[in-house]
Amino acid sequence: MYNELNIRNRVLMGPGPSDAHPRVLKAMSTPLIGHLDPEFVTIMDGVKSMVQKTFLTKNHLTFVVSAPGSAGMETCLVNLLEPGDEVIICINGVFGGRMVDIAERCGAIVHKVEVDWGTVISPKDIKKALDHCPKPKLVALVHAETSTGALQPIKEISDIVHNAGSLLMVDAVTSYCGLELKVDDWDIDAIYTGTQKCLSAPPGLSPVSFSDRAVKVLENRKTKVQSWFLDLSLVKNYWGGAKRAYHHTAPVSSMYALRESLRIVLEEGLEDRWRRHKEVHQVLKTKLEMLGFNYLVDEKYRLPNLNSVFLPEGNDEALVRSKLLHDYNIEVGGGLGAFAGKIWRIGIMGESCTLNHVNMLISALEDIKEFKN
Ligand SMILES: *Cc1c(COP(=O)(O)O)cnc(C)c1O
């Protein structure tokens, strides 16, 4: 029971975590320092600046929540919402549904825009929702729905939301550092992401950014934020300001890892990284289709980095997936919700987005006796 950990080197091609670069793993073994050590404050400043660069934003209130992507989601909602606020939340998969749950716990009145899983929300859908709820405090969307593999266009919805006087909130957990994402250009007011998808860092941290418009909403709150840990009026004194004050003990080693992964992203260049995800996706797509797989999402709205595909007929998906993991050390994801037992979710994110990964997966499939194509 208390044996030495003996984890085999998996090839991570599911919905996250993705493979970490050896430089990131090495950074995690850097000696610990105190979370208020001037050296650590310098590291935080560097991380903040790199998060601004990768979000393509100048937002002052840009920081990292010491918890995974779901806590970034919760940070945005608990800070912006007060009891009785009306909001519009778009649902086309698991994560929109999770936003609704959090918003309702904040006491908000939620108007849902629901479309079929695997499709995206259109500007028309938003306009229709605004007919019923003309002045919502915010409209929330998931940019890359990891449960279905759908890519939600954001820019074309942004103006509609702002013309209604609302804030635009976006989940960028799976798109960040893998697909085109421009926070300032698209006028996003509240955005959160995670570290373990296209950034290829270990899970457990959530970069977040608020526009000045969102900061004003924060400053005008009438009630206290429901969560102590996620209350930005307290957290922001730890991430900025002339005098850093203790709020909580930051996960120092994870911050080292995040810093290194951001350095790697900036060395590659955001645009080149977006292009790599598209190019490797094209190769994977061609090979999967040759084996008889079919995509769930329409080509126009398909995520390149999260391929949700139906297996060729006559396959026991759980059996083949378990063979991949146990005999070939390759992890792919199963389906969620209505797609459980029906689709696979094949991730090519960050360090897992290489031709080598594609070839390993395809040749393993060709090798598995139980796989029928
Ligand atoms: C993974 C994911 C999350 C949640 O992130 P965790 O780090 O698992 O908490 C939220 N939204 C989307 C779109 C995701 O893919």
Side-chain angles (χ1 to χ4, degrees), residues 12-20 24 51 55 63-78 89-103 105 115 117-121 140-154 168-181 183 188 190-209 227 229-230 251 254-255 257-258 261 277 296-297 301-308 331-337 339-340 343-350 352-353:
L12 298 177
M13 300 185 70
S18 55
D19 285 346
V24 170
V51 170
F55 268 145
F63 57 97
V64 179
V65 178
S66 298
S70 306
M73 179 189 288
E74 193 143 0
T75 296
C76 292
L77 290 168
V78 298
I89 296 180
C90 300
I91 307 171
N92 61 341
V94 166
F95 293 102
R98 189 176 287 187
M99 285 191 200
V100 171
D101 193 358
I102 298 173
R105 286 167 196 241
V115 298
W117 283 33
T119 68
V120 297
I121 285 86
L141 291 151
V142 177
H143 187 209
E145 196 23 282
T146 324
S147 61
T148 66
L151 173 59
Q152 172 67 48
I154 299 293
L168 175 63
M169 172 179 154
V170 173
D171 175 320
V173 176
T174 287
S175 53
Y176 178 62
C177 293
L179 320 177
E180 185 182 53
L181 170 67
V183 173
I188 297 170
I191 190 159
Y192 61 92
T193 185
T195 46
Q196 77 274 29
K197 312 228 174 162
C198 293
L199 195 53
S200 275
L205 290 174
S206 177
V208 172
S209 187
S227 159
F229 187 69
L230 302 175
S254 300
M255 202 65 76
L258 171 58
S261 65
H277 283 83
L296 164 69
V297 178
Y301 299 112
R302 215 172 266 168
L303 284 177
N305 53 336
L306 196 283
N307 295 259
S308 51
E331 180 188 80
V332 298
L336 295 179
F339 295 117
I343 61 166
W344 276 0
R345 293 178 303 145
I346 304 172
I348 39 168
M349 302 189 195
S352 294
C353 179

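Position 1 is the first residue of the sequence, and the numbers go up from there. When a ligand or atom number is given, it counts from 1 through the structure's own listing order.
- Side-chain atoms of Thr146 and Arg345 form no donor-acceptor pair, as typed in the model, at a separation below 3.5 Å.
- Results of the side chain to side chain contact (heavy atoms under 4.5 Å, CB included) test with Met13 over Asp19, Ile348, Asn307 single out Ile348 as the only residue that passes.
- Any N or O atom pair closer than 3.5 Å counts here, and Asp171 shares at least one such pair with ligand 1.
- For atom 15 (O) of ligand 1, the closest non-hydrogen atom on the protein side is Thr146 OG1, 2.3 Å.
- Ligand 1 lies less than 4.0 angstrom from a heavy atom belonging to Gln196.
- Considering only non-hydrogen protein atoms, atom 9 (O) of ligand 1 sits nearest to Ser70 OG, 2.6 Å.
- Between Gly69 and ligand 1, at least one N/O pair is under 3.5 Å apart.
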Working for side-chain contact (heavy atoms from CB on, under 4.5 Å), residues Ile188 and Ile154: CA-CA 9 Å; Ile188 297 170; Ile154 299 293; 4.3 Å; yes
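- In terms of polar-atom proximity, defined here as any N/O pair under 3.5 Å, Glu145 makes no such contact with ligand 1.
- Considering backbone and side-chain N/O atoms, Arg98 never comes within less than 3.5 Å of an N/O atom of ligand 1.
- Closest to atom 2 (C) of ligand 1 among all protein heavy atoms lies Lys197 NZ, 2.7 Å.
- To the nearest 0.5 Å, the span separating OG1 on Thr193 from CG on Leu199 amounts to 7.5 Å.
- Counting heavy atoms from C-beta on, the side chains of Lys197 and Leu306 never come closer than 4.5 Å.
- Ranking the protein heavy atoms by distance from atom 3 (C) of ligand 1 puts Phe95 CE2, 3.4 Å first.
- Residue Ala144 approaches ligand 1 through these ligand atoms, each under 4.0 Å from one of its heavy atoms: 13 (C).
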